Amino acid sequence: MFFPKTLRALIGIAALAMAVPSFADAPTEVTITASRASIRCAGHKGDEARQMAEQATRDGAHRKAAECFRAAGDANRADRALVRASADSSATVSRQAAADIETAKAQARRIREAFH
């Protein structure tokens with residue numbers, strides 16, 4: 001006995017299986033670049049590093065500012081910049097966690113409604 005729907009389903013599955021890349025196709029090396037990371041402060045000293053740090057602070061790049069303040073020899077301002085950077089990242093993490101919780105709640109509601 002011949003089932004056309006079953007045959008079409010098998011052909012579709014076979015086509016998808018051929019289209020999905022295997023783990024052997026995965027790249028073995030990943031390169032990450034960032035625009036703000038291209039300027040380093042370690043090679044600069046004194047006023048030049050301090051100016052770069054102040055600009056980074058105005059731009060909101062507090063980790064870069066901390067690096068530049070350290071290169072300029074200003075440990076106190078470097079520590080304050082690191083504190084700001086950690087506060088920014090923890091606020092971002094908190095917002096993301098709240099969004100994830102809301103998404104999970106919405107999914108649970110949809111699942112409950114589907115079974116009722």
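This one's a predicted model, so the numbers in the text were calculated from it and none came from an experiment.
- Partners of R70 under the side chain to side chain donor-acceptor pair (under 3.5 Å) rule, at least two apart in sequence or in another chain, are D79.
- You'll find the side chain of R109 reaches within 4.5 Å of the side chain of K105, heavy atoms only.
- Closest of all the heavy-atom pairs between C68 and A49 is CB-O, 3.4 Å.
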Extract all donor-acceptor atom pairs below 3.5 Å that involve side chains of residues 92-100 and protein atoms in other chains or at least two apart in sequence.
from	atom 1	to	atom 2	distance (Å)
T92	OG1	D88	O	3.0
T92	OG1	R95	NH2	3.4
S94	OG	S90	O	3.0
Q96	NE2	D100	OD1	2.9

Could you walk me through whether L82 and H62 pass the side-chain contact (heavy atoms from CB on, under 4.5 Å) check?
-> CA-CA 6 Å; L82 280 177; H62 299 295; over 6 Å; no
Under the side-chain contact (heavy atoms from CB on, under 4.5 Å) criterion, do R77 and E54 qualify, and how do the steps go?
-> CA-CA 10 Å; R77 289 179 79 180; E54 289 169 355; 3.5 Å; yes
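- Here the CZ-CG distance, from R80 to D74, works out to 7.0 Å after rounding to the nearest 0.5 Å.
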